[in-house]
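Input: a single structure, listed below in structure tokens.
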Amino acid sequence: MKKVTAKAPVNIALIKYWGKEDEEKVIPFNSSLSLTLDNLYTITIIEESNSGFSFTLNNEIITGNEAEKVCKFLKHFASPQEIDKVRVVSENHVPTAAGLASSASAFSALSIASNTYFNTNLSFKQLCEVTRKGSGSACRSLLGGFVAWDKSGEVYEVYSKYKDFILISVIVNPDRKKISSSKAMAATVKTSPLYRYFVEENSKAFEALKIALESGNLKEIGSLTEKSFLMLHGVMMATNPPVLYMNELSIKVIEIIKRLRENNLYAYPTMDAGSNVKILTTESDHLEVIKSLEANGFNNYYISRLGDGAKIIYEEDC
Ligand code: PMV
């Protein structure tokens, strides 16, 4: 029985990617930079099947579009006949499709599991090229720590002098998002009059964040993070029709963060294609941040630290 198990982490972008210059190859308009989390991840098993291809996600057999997407992705590694002889079983240890980047960990895990199972032996560069076809941001989950996905396609770890960051993911709505990031970003690129500023500003912020990480300039790291997410949601709102992922609870969390900063605590917000808010804070300040969240009724959250990239955790071939 042949079986491969992969584990891939969630990553949260501090400098956001939103929009493809090349839809087919998934080349972004601007470079992005993320933080890999240690305790939110996807586990994906690929194993031999005698009953044809199937895809199970969180203990539920998936059919239709989602299963087809997995099947299509596997074609980068195997022939249709080979795909018909496997089952893919995935478990997201993170709320699925709620702006917590479960598709990044999912495609990153599927990618490395497939590369090993089908003996494709892709180089890291080729693996990145394929992984980002599942979900653009998934290529950043291949590595740990701070990770850059350069506009040129290169994915690499970025040195950070300071490592005791904490990322708190505040779940204000665990439901699936109503509009996929792929569709939403294509609409933004096409219709948002702010798009070119988003690309220009984030390209500058990407370079600035690398410098700030290198020198350990915490204030600058936080401000660049906050600015990038505000630009993301601004450019989304200016899309026609508007793309609105924020809700009143997201705004409430952002206001709490603002108050914490006024009290000299380190806390900066970021959000992706969903209503949940992530807070970048530090080991020394995070308990105060949590106290304040709980005092305001936000009891559903995850506390993460910097984590490792995707890896194969089990392999059997007999
Ligand atoms: O990975 P995708 O194609 O689903 O896009 C995700 C984009 C954001 O999460 C909103 C930003 C990012 O850079 O991760």
Side-chain angles (χ1 to χ4, degrees), residues 1-12 34-63 66-97 100-135 137-145 147 155 157 169 302-318:
M1 176 85 167
K2 192 170 179 185
K3 180 173 173 175
V4 169
T5 306
K7 177 179 177 183
V10 162
N11 76 77
I12 299 297
S34 60
L35 190 158
T36 297
L37 306 186
D38 65 338
N39 61 348
L40 300 181
Y41 56 89
T42 299
I43 300 276
T44 294
I45 300 169
I46 302 186
E47 60 187 350
E48 248 175 88
S49 151
N50 299 322
S51 50
F53 170 80
S54 69
F55 172 48
T56 305
L57 177 62
N58 299 337
N59 291 320
E60 214 185 290
I61 299 230
I62 307 289
T63 52
E66 252 182 286
E68 267 163 39
K69 198 171 175 194
V70 170
C71 204
K72 192 173 158 207
F73 187 76
L74 292 184
K75 289 187 182 145
H76 295 293
F77 301 91
S79 67
Q81 292 78 359
E82 288 170 309
I83 296 170
D84 210 38
K85 290 197 191 105
V86 299
R87 91 169 56 91
V88 175
V89 181
S90 235
E91 210 163 292
N92 280 336
H93 294 258
V94 48
T96 302
L100 280 184
S102 61
S103 66
S105 52
F107 279 104
S108 178
L110 187 60
S111 191
I112 64 157
S114 308
N115 197 28
T116 302
Y117 187 92
F118 297 111
N119 298 314
T120 331
N121 294 321
L122 297 185
S123 66
F124 180 69
K125 185 170 179 273
Q126 289 169 321
L127 202 57
C128 290
E129 281 165 11
V130 170
T131 307
R132 65 180 193 240
K133 289 191 179 180
S135 160
S137 57
C139 63
R140 296 188 312 239
S141 284
L142 294 171
L143 296 177
V147 181
V155 175
E157 204 174 324
S169 305
Y302 296 85
I303 300 170
S304 307
R305 293 173 172 80
L306 286 178
D308 296 333
K311 55 177 169 251
I312 301 295
I313 54 170
Y314 182 76
E315 208 179 331
E316 175 185 303
D317 193 357
C318 49

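- Side chains of S103 and S135: a donor on one and an acceptor on the other come within 3.5 Å.
- For the residue pair N92 and T42, a side-chain donor N or O sits within less than 3.5 Å of a side-chain acceptor on the partner.
- When all heavy atoms of L74 and V86 are compared, the pair lying nearest together is CD1-CG2, 4.3 Å.
- Smallest separation of non-hydrogen atoms from F107 and K69: CZ-CE, 3.9 Å.
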_For a side chain to side chain contact (heavy atoms under 4.5 Å, CB included) check, start with the C-alpha distance between V88 and L110, then their side-chain angles and the critical distance, and finish with the verdict._
CA-CA 8 Å; V88 175; L110 187 60; 3.9 Å; yes

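- Contact annotation: the side chain of F124 approaches that of L143 to within less than 4.5 Å [non-hydrogen atoms, C-beta and beyond].
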*Test E129 against K125 for side chain to side chain contact (heavy atoms under 4.5 Å, CB included), laying out the working first.*
CA-CA 6 Å; E129 281 165 11; K125 185 170 179 273; 3.4 Å; yes

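- Under the 3.5 Å distance criterion, the side-chain polar atoms of S141 are matched with a main-chain donor or acceptor of P9.
- Partners of S123 under the side chain to side chain donor-acceptor pair (under 3.5 Å) rule, at least two apart in sequence or in another chain, are Q126.
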*List the steps and the verdict of side chain to side chain contact (heavy atoms under 4.5 Å, CB included) for V89 and E47.*
CA-CA 8 Å; V89 181; E47 60 187 350; 4.3 Å; yes

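- K133 forms no cation-pi arrangement with F73, by the criterion of a distance under 6.0 Å to the ring centre and an angle within 45° of the ring axis.
- For S169 against L40, the heavy-atom pair with the smallest separation is OG-CD1, 4.2 Å.
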_I'd like to know whether V130 forms a side chain to side chain contact (heavy atoms under 4.5 Å, CB included) with L122, so could you lay out the CA-CA distance, the side-chain angles of the two residues, the decisive distance to 0.1 Å, and finally the verdict._
CA-CA 9 Å; V130 170; L122 297 185; 3.9 Å; yes

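- The two residues E157 and G145 make their nearest non-hydrogen contact at OE2-CA, 4.3 Å.
- The two residues A6 and A113 come nearest to each other via the heavy atoms CB-CB, 3.8 Å.
- Residues E48 and K2 approach most closely at OE2-N, 2.7 Å, considering heavy atoms.
- T44 pairs by the side chain to side chain donor-acceptor pair (under 3.5 Å) definition with S90, not counting sequence neighbours.
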